Each structure stands twice: as structure tokens, then as C-alpha cells.
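The structure appears right after this line, and notes come after that.
Note that this is a predicted model, so its numbers are computed, not measured. Computed over heavy atoms, backbone and side chain alike; hydrogens, waters and symmetry mates excluded.
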Amino acid sequence: MTAQERSSMLAGGIEWARRLAVAALAGGIAGLVAGGVGGRLFMLVLARLNPGATGVPSDDGFTMGRLTFAGTLNLLVVATVLGVIGGLVWVAIRGLRFGPLWWRRVSMPIGATLVIGAMMVHSDGVDFTLLDPPLLAVGLSLSVPLLASTLVTWLGDRWIGSARTVWQRMPATVAWIARIALAILAAWSLADLIRTISRIL
């Protein structure tokens, strides 16, 4: 291996490390803002609308209607960590986006909201059966991954800059198989989300 090849490999490794760090930072910020701060605000809104639920443990282990330092700190930390993981997932699949610029910007937030929303919204427990109105609880819950994924997309694209990823080095067939798989996952999540919401209502 020549000195030029070693230098090129080193530069490539540094660039990929930079992208991972940027994605983790963008995801952490998005998780903190959307899941931590936003999630706490949404909880307060639902608590004010449902004073009878004060003191009831939520499905995530928080006590409804009670704002504590420990509980808030726990939420902020968990949301930030989950955001970092989400940022790493985002940077891994960002190269699969295609089409006009507007679609590249909205496709991932839409898909993330469907997939994560289907995992968050459930018809058992108390989060979506005890709190009224249920559609508001569902809407606020879905707004968390929507806001987080929109923010990480905006920050990540601005900070990374280049749209070229490892997916452009692979055969087009491989990228399209991955896109189809993600589209199927999003469609299944949408169907599951619709079924769950119908049971809640």
C-alpha cells in the first residue's frame, strides 16, 4: 500500500467518524428537545386536562400529574440517549433517500413517525385509555418522533453537508431492496397504528 493510499484511507476513516459523531450529536439534541422538553410539556398538558388521573403511574413508570426533579432528569437523559441511537440509525440510512429535495426532507420524518409511533401508541395500559381526549394523547405522542426526526434531519444534513454515502457505492439493486424493505416496514407500521387507534377509540 502506497503512502497516498494510506493517506486516503485515513482521511476516509476520519470522515466517517466525523459523520457518526455529528449524527450522534444531532440525535442527542433532537431527543433532548423533542422527547425530553417536548415530552414533559405534553405530559403537563394531559395532566391539566385530566386532574382525576393525578398520582396514577403511567405505562412508562412516571407518575401522572406530579412534576419532580428526579422524574424530569430521568426523562431528559433517556430521551437524549434514545435520540443518539436514532441519530446513528438516521446516518446509516440517509443515503437511501431519493427524489426531489422536498421528498428527501420529509420522507424520513414520516417513516420514523409511523414506525416509532406504532411502538409508542398502544391500546392496553392507561396512557391512551385513561386520559381524555384520547386523540390528543395519541397526537402528542406521535408529535415526539415527528419533531425529533425532523430536527435530526435538518441538523444532520446541515452539519454533514455531503449527500454522498456508502449506499452510492453499492449496486443500485441493493439500495432499492433496502428502500422497499423500509417502505414495507412503514406501511405495516401505519396499518398497525390505525388498528391500535381504532381500538382506543
For this session: Can you sort out the partners of Thr54 under side chain to side chain donor-acceptor pair (under 3.5 Å), two or more places apart, ordered by chain and number?
Result: none
Side chains of [X] and [Y]: closer than 4.5 Å at any heavy-atom pair?
X	Y	value
Arg104	Thr153	no
Leu96	Leu182	yes
Leu75	Met43	yes
Trp167	Val174	yes
Leu25	Leu155	no

Straight-line distance of [X] [atom1] to [Y] [atom2], nearest 0.5 Å:
X	Y	atom1	atom2	answer
Asn74	Thr68	CG	OG1	9.0 Å
Ile116	Ser149	CD1	OG	6.5 Å
Arg19	Ile160	CZ	CD1	6.0 Å
Met119	Asp192	CE	CG	10.5 Å
His122	Thr129	NE2	OG1	8.5 Å
Thr165	Trp16	OG1	CH2	6.0 Å

Exercise. Looking at Arg199 and Asp124, does any basic side-chain N land under 4.0 Å from a carboxylate oxygen?
Worked result: no
Exercise. Less than 4.0 Å between a side-chain N and a carboxylate O, is that true for Arg105 and Asp157?
Worked result: no
For this session: Mind checking ring pair (Phe, Tyr, Trp, His ring centres under 6.0 Å) for Trp159 and listing every partner two or more places apart, or none if nothing turns up?
Result: none
Using every non-hydrogen atom in the two residues, find where [X] and [Y] come nearest and quote the distance to one decimal.
X	Y	result
Gly156	Ala26	N-CB, 4.1 Å
Thr113	Pro145	OG1-C, 3.9 Å
Ala23	Val91	CB-CB, 3.5 Å
Leu49	Pro133	CD1-CD, 4.4 Å
Val121	Leu142	CG2-CD2, 4.1 Å
Ser107	Arg97	OG-CG, 4.1 Å

Report whether [X] and [Y] are members of the same hydrophobic cluster (ILVMFWY, side-chain heavy atoms less than 4.5 Å apart, transitive linking).
X	Y	result
Leu190	Val106	yes
Met108	Val166	yes
Ile93	Leu146	no
Leu114	Leu140	no
Val22	Leu20	yes

For this session: Kindly write out the residues that satisfy side-chain contact (heavy atoms from CB on, under 4.5 Å) with Ile177, not counting sequence neighbours, or none if the list is empty.
Result: Thr173
Problem set entry | Test log, rule ring pair (Phe, Tyr, Trp, His ring centres under 6.0 Å), inputs Phe98 and Trp176 | CA-CA 10 Å; Phe98 65 97; Trp176 277 107; 5.0 Å; yes
Problem set entry | Main-chain N/O of Leu131 paired with Asn50 side-chain donor or acceptor, under 3.5 Å | no
